[in-house]
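Read the structure below first, then the notes.
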Amino acid sequence: MKRPLITAEDLQASPDMVVPVGARLTPLARDLLRKRGGLVEHTYSPLARRLLIANWKSHKTLGEARDFARALVGRVRPPTALRLVVCPPFTALATLGEALRGVAELGAQDLSPHEEGAHTGEVAARHLVDVGCSYALVGHSERRAAGEDDALVATKLGRALEAGLHPVLCVGETAEERASGRAEAVVSTQLGRALRDVSPVQLRDVVVAYEPRWAIGKGVTPTPDEIGAILEHVRESLRQSAPEVAERVSVLYGGSVKPQNAGPILGLADCNGALVGGASLDAELFAGILEAGT
Ligand code: PGA
């Protein structure tokens, strides 16, 4: 059942209103609550981590990674309103871990479905933990396009959890699926298959990133209302499978997030942050997104 939407008028009419955990708020209502004393985290998800994750994909040499780190460290002052995570190519993990200490955490863009062993070219979860990673993207659409199916995504997600990493499970529909009204169904199926063997206790460590495939790297995004509807659908699916932890799961949006569009997206009631590709390559733009969400 849909939770009622609380508007700024509702809050003005009842200044002492207690806003329940998990409440849906309009952006104006959220602003108002924030002005009344920093109630925002408290109102919709007290324990959820708000996250801003950079996915560098196959970009940046070590020198370029160091330049980014210097610029970011000079630009943001911890503790930041959203926890920062950078997912560089594997080769830059160790360098960035040092260079961003205290400012951003480390994530991997992928991991092996194997624990360890004779698997040439694979980087396993334990290697990622060893180099200082706390997060690992799982099921990014570019990996799905390269042939990863839901079963492989589920195996990788399990490996990440076993090793103590937060898997960032990426889900999202294609343009055709959206056009035919199947966006929510596609997202539900991907979620259900990836999380089939995940217990409620483990689910607390999972991050879900809704990334419509047609918005990734294209400079176009759904409207905030459209994003809000899917994020709410994700939250509701989590509630149905594990009501006790659903509010604690970080649910992010990804797909052409930039400083110019980040404010309304990060202000959505069920949005706990963003997964950013192109704009995360530039420390100034990445910091701009952080500011838009602060
Ligand atoms: P984008 O990429 O921000 O460049 O659209 C997002 C992603 O692929 O995670």
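When a ligand or atom number is given, it counts from 1 through the structure's own listing order. For reference, positions follow the sequence shown, starting with 1.
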Review point. Who passes ring pair (Phe, Tyr, Trp, His ring centres under 6.0 Å) against H127, sequence neighbours left out?
Key: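 By the ring pair (Phe, Tyr, Trp, His ring centres under 6.0 Å) rule, H127 matches no residue at all.
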
Point to revise | N261: partners by side chain to side chain contact (heavy atoms under 4.5 Å, CB included), with sequence neighbours left out | key: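 N261 satisfies side chain to side chain contact (heavy atoms under 4.5 Å, CB included) with T221, V257, K258, I265 once adjacent residues are dropped.
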
Check your understanding: Given E177 and R213, is the salt bridge (Lys or Arg N to Asp or Glu O under 4.0 Å) satisfied, shown in steps?
Key -> CA-CA 10 Å; E177 287 163 344; R213 290 169 80 149; over 6 Å; no

Exercise for review: Name all pairs fulfilling the ring-ring contact (aromatic ring centres under 6.0 Å, His included) condition that reach into residues 153-199, sequence neighbours left out, sorted by first residue then second.
Suggested key: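 Matches after skipping sequence neighbours: Y135-H166.
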
Review point. Is R144 atom CZ crowded by more than 12 heavy atoms from other residues, nucleotides or ligands, each under 6.0 Å away?
Key: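 For R144, atom CZ is crowded (more than 12 foreign heavy atoms under 6.0 Å).
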
Practice item. Hey, can you tell me if F68 and W56 have their rings parallel, tilted or perpendicular (30° and 60° cut-offs)? Key: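 If you compare the ring of F68 with that of W56, the planes turn out perpendicular.
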
Practice item. Identify, chain by chain and in numerical order, each protein residue with a heavy atom under 4.0 Å from an atom of ligand 1. Key: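 Residue list for ligand 1: N55, K57, H140, E211, A215, I216, G217, G255, S256, L275, V276, G277, G278.
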
